Amino acid sequence: EAQVTQNPRYLITVTGKKLTVTCSQNMNHEYMSWYRQDPGLGLRQIYYSMNVEVTDKGDVPEGYKVSRKEKRNFPLILESPSPNQTSLYFCASSSTYMPYNSPLHFGNGTRLTVT
Amino acid sequence: EDKVVQSPLSLVVHEGDTVTLNCSYEVTNFRSLLWYKQEKKAPTFLFMLTSSGIEKKSGRLSSILDKKELFSILNITATQTGDSAIYLCAVEEDAYNTDKLIFGTGTRLQVFP
């Protein structure tokens, strides 16, 4: 089944403790992206990647890192999480680096709480 | 500043009602407008609209884009409880080296039996 898989689904952590949220897609998609979703603010892009070893900042990249060493994986790294990073995170992918050619496929989300 | 505004924020209806969800936008270089349905987890794709005045239809859902007035509507006829979800509108903008999706905050639809 074609899908975008994120892990974990839920994560509660403390301020400053490094964490990684994994994202993997099995559709051979070139484009991958991370979003956070907060009440009243909608989905905001954190980072995106147009292909292997090509990543770029989105609208809210501060406090996050990403890497794209393989086409299928696009992990999101929080080196020193803070409470304002408490949010619902989505990974998404599409078949080309121009999302207008094909709509984004989303993972099921990771709900992160930082205390 | 580029923005996408959805209205209403929330809607409560009974099964069988027809609803209209609105999405207006201001972006510099418009490419397309997309509608997604978000239930308890991942947003799932509904429609992509690029041309003005052409209706996209899928079962009881339909959508149309007006590029002159910069808005789109999503219609759901004969609503069912399974239509309860957040409906997201996103506008794709031709940005510097890739396209960018700008999301609205969504309309929460609740359909009661």
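Computed from a predicted model, the values in this text were never measured in an experiment. Residue numbering restarts at 1 for every chain, and letters A, B, ... go by the order of the sequence lines.
Looking only at atom types and distance, the side chain of B:T79 has no donor-acceptor partner in the side chain of B:D17 under 3.5 Å away. A side-chain donor from one of B:D2 and B:T28 sits under 3.5 Å from a side-chain acceptor of the other.
Of the atoms belonging to A:D38, not a single heavy atom falls under 4.5 Å from chain B. Only the side chain of B:L88 comes within contact range of chain A, judged by heavy atoms closer than 4.5 Å. Of the atoms belonging to A:Q37, it is side-chain heavy atoms, and not backbone ones, that fall under 4.5 Å from chain B. Residue contact with chain B, scored on non-hydrogen atoms closer than 4.5 Å, involves the side chain of A:R9 exclusively. Residue A:L41 touches chain B through its backbone alone, counting heavy-atom pairs closer than 4.5 Å. In this structure, the portion of B:Q38 lying under 4.5 Å from any heavy atom of chain A is its side chain and not its backbone.
No donor-acceptor distance shorter than 3.5 angstrom exists from the side chain of B:S24 to the backbone of B:S72, with no hydrogens or angles considered.
Residues A:E79 and A:K65 are paired through a salt bridge, judged by an N-O separation under 4.0 Å between the basic side chain and the carboxylate.
If you look at A:Y35 and B:F103, their ring centroids are closer than 6.0 Å.
Considering only heavy atoms from C-beta on, A:P83 comes within 4.5 Å of A:T15 through its side chain.
Ranking A:G107, A:S33, A:A92 against chain B, the residue ahead of the rest is A:G107, based on heavy-atom pairs under 4.5 Å.
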